[in-house]
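The structure appears right after this line, and notes come after that.
Atoms within each ligand, like the ligands themselves, are counted from 1 in listed order.
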Amino acid sequence: MQDFIFQNSTKIIFGKNKEVTVGEEALLFGKKLLLHYGGGSIKETGLYQKIIHSLHEQEIEIFELGGVKPNPRVSLVREGIALCREHSIGFILAVGGGSVIDSAKAIAIGATYEGDVWDFFDGKAEVTESLPIGVVLTIPAAGSESSSGTVITNEDGWYKRSTGHVSLRPRFAILNPELSYTLPPYQTACGITDMMAHILERYFTNEKNVELTDRLCEATLKTIINNAHIVLDDPTNYEARAEIMWAGTIAHNDLLSTGRIGDWGSHDIEHEISGIYDIAHGAGLAIIFPAWMKYVYKHDINRFAQFAHRVWDVEFDVNNLERTAKRGILKTEQFFRSIGLPVRLSEANISDEHFEEMAKKGTENGPLGNFVKLHEQDLIEIFELAK
Ligand code: NZQ
Ligand code: ZN
């Protein structure tokens, strides 16, 4: 096991109707805030009105910036930074999913920095501080509600890049599973795949003695798998929605990475796809993760066989570990398909036109992944497997 420091200070406020407490929580950070949200779902569901009411009750002055798109754009981030500077806003409240939260985080680092915010995403500057942010989560998926990272797309060249810092962990995150009842099935499925991918990225490690975190990963994966079809068949099933929402946070709050080095190659490859094709991150992962698994499993057949047996209940064939490993990969792919996601690029209408460009862009700062280092040609072969 590797040495580690684990610090996750996000205050999680979990349960029914908890969004009505947002005013009290926000007040701890001052009497003025930027309310940041997406394309309108919060107005349709009535959440927006509830948030405004709770903030008004605490006499908090509200500046608003809506319109965050999935795969959030740096141009809107720049607008948010300008608003924060103009009105001396010191706190950002993100109401939405990963895209809104990431956009809020990018505003939070840009508002305290003199240069252009993209500097943090293309490696020209390192984050050292940020404005505090708070979250009301509406879709369990990205785990951004307690992660230290943010992922932003630059329309100039369609680069999708990430940066991070401990100060970016939201100060509080309100998680009411009822808020996820209105999700379209496709978004529910994309969220499920993303949280599973966050665990798989951590699971496939070269570290040997990490039994506790292996088993925590397996338990979280099994919980997601057990509840996925329940929420898809019965979207207002509170208990199942609650399991999925909490799993999404646990998947990415870094507890499951303690003592081990994760891979993250599939995420980086997926960012190239959603950067160019603007598909949902979870859908991109449903396509790339099985292809990545097929490409790398021989690197550690034992680990893949363990995964197949413990997560998918595949019989552990001691005489044929490769068969066990391959059945686990097939089960993963079949599961993503069963929840309604594409598992091939062609199913998402993506041709081989940009394979070389994506492989080049993806590796321009060096090889991807840690479990197996992936170079430009490896990415092309993974795209071929995913065709
Ligand atoms: O924009 P609105 O109208 O709100 O609609 C959203 C959006 O269209 C809709 N939605 C959200 N909650 C809803 C709802 N519709 C009905 N009812 C609700 N309760 O869902 C759509 C997707 O929202 P989005 O925020 O894009 O989803 P998600 O949470 O999956 O976030 C994806 C983004 O997070 C990044 C991804 O790359 C992607 O850009 N990630 C961020 C990470 C992080 N910061 O730690 C880690 C992840 O690996 C990921 O890369
Ligand atoms: Zn992800």
Side-chain angles (χ1 to χ4, degrees), residues 8 10 19 36-48 66-74 76-77 94-106 108-109 121 133 135-153 160-165 168-170 173 175-202 231 235-236 241 244-245 248-249 251-254 257 262-275 278-286 288-289 341:
N8 191 316
T10 303
E19 62 277 12
H36 202 35
Y37 52 90
S41 75
I42 68 163
K43 291 195 172 159
E44 285 158 28
T45 60
L47 176 61
Y48 172 84
V68 179
K69 293 186 174 143
N71 300 318
R73 313 293 202 264
V74 74
L76 192 73
V77 168
V95 183
S99 296
V100 174
I101 305 167
D102 285 2
S103 184
K105 287 176 174 177
I109 54 177
F121 294 86
I133 80 161
V135 169
V136 178
L137 187 69
T138 62
I139 168 171
S144 188
E145 65 276 10
S146 78
S147 81
S148 57
T150 164
V151 192
I152 298 292
T153 297
K160 187 173 181 184
R161 293 287 179 264
S162 60
T163 190
H165 187 252
L168 281 179
R169 290 201 199 273
L175 274 58
N176 173 3
E178 293 169 309
L179 297 180
S180 61
Y181 288 176
T182 52
L183 280 170
Y186 185 72
Q187 289 298 341
T188 296
C190 285
I192 284 168
T193 303
D194 191 19
M195 61 182 80
M196 287 176 71
H198 293 158
I199 305 169
L200 297 173
E201 296 282 17
R202 291 170 165 94
V231 295
T236 58
R241 286 284 192 189
I244 293 284
M245 190 169 256
T249 304
H252 203 43
N253 77 350
D254 285 337
S257 353
D263 183 67
W264 300 102
S266 299
H267 261 71
D268 286 337
I269 297 171
E270 194 294 316
H271 288 165
E272 294 310 317
I273 296 176
S274 49
D278 202 20
I279 65 167
H281 172 61
L285 287 166
I288 289 302
F289 232 109
L341 293 184

Taking the Zn ion (ligand 2) as the vertex, what is the angle from NE2 of H281 to NE2 of H267, given to 10 degrees?
100°
D278 and N71: side chain donor to acceptor below 3.5 Å:
yes
Donor-acceptor contact present, side-chain T193 to main-chain A189, <3.5 Å
yes
Do any N or O atoms from the side chain of R241 and from the backbone of P235 form a donor-acceptor pair under 3.5 angstrom?
yes
Enumerate, one pair per line, all nitrogen or oxygen atoms of ligand 1 lying under 3.5 Å from a protein nitrogen or oxygen, stating the separation to 0.1 Å; write 'none' if no such pair exists.
unit_1	atom_1	unit_2	atom_2	d
ligand 1	1 (O)	G39	N	2.7
ligand 1	3 (O)	G39	N	3.3
ligand 1	3 (O)	G40	N	3.1
ligand 1	3 (O)	S41	N	2.9
ligand 1	4 (O)	S41	OG	2.7
ligand 1	12 (N)	T138	OG1	2.8
ligand 1	17 (N)	T182	OG1	2.8
ligand 1	19 (N)	T138	O	3.1
ligand 1	19 (N)	L179	O	2.9
ligand 1	19 (N)	T182	OG1	3.3
ligand 1	25 (O)	G98	N	3.2
ligand 1	25 (O)	S99	N	3.0
ligand 1	25 (O)	S99	OG	3.4
ligand 1	26 (O)	S99	OG	2.5
ligand 1	29 (O)	G98	N	2.7
ligand 1	31 (O)	G98	N	3.4
ligand 1	31 (O)	S99	N	3.4
ligand 1	37 (O)	K160	NZ	2.8
ligand 1	39 (O)	K160	NZ	3.3
ligand 1	44 (N)	D102	OD1	2.7
ligand 1	44 (N)	D102	OD2	3.2
ligand 1	44 (N)	S144	OG	3.2
ligand 1	44 (N)	G149	O	3.0
ligand 1	45 (O)	S147	OG	2.7
ligand 1	45 (O)	H252	NE2	3.2
ligand 1	48 (O)	H198	NE2	2.7
ligand 1	48 (O)	H267	NE2	2.9
ligand 1	48 (O)	H281	NE2	3.2
ligand 1	50 (O)	H271	NE2	3.2
ligand 1	50 (O)	H281	NE2	3.3

Donor + acceptor pair across side chains of H271, S162 (<3.5 Å)
no
Using the Zn ion (ligand 2) as the apex, give the angle to atoms NE2 (H198) and OD1 (D194), rounded to 10 degrees.
80°
If you apply the rule salt bridge (Lys or Arg N to Asp or Glu O under 4.0 Å), what do you find for E145 with R169, and how did you get there?
CA-CA 7 Å; E145 65 276 10; R169 290 201 199 273; over 6 Å; no
Does the S257 side chain pair with the main chain of R202, one donor and one acceptor, at a distance under 3.5 Å?
no
When you measure from the side chain of T150 to the backbone N and O of D102, does any donor-acceptor pair fall under 3.5 Å?
yes
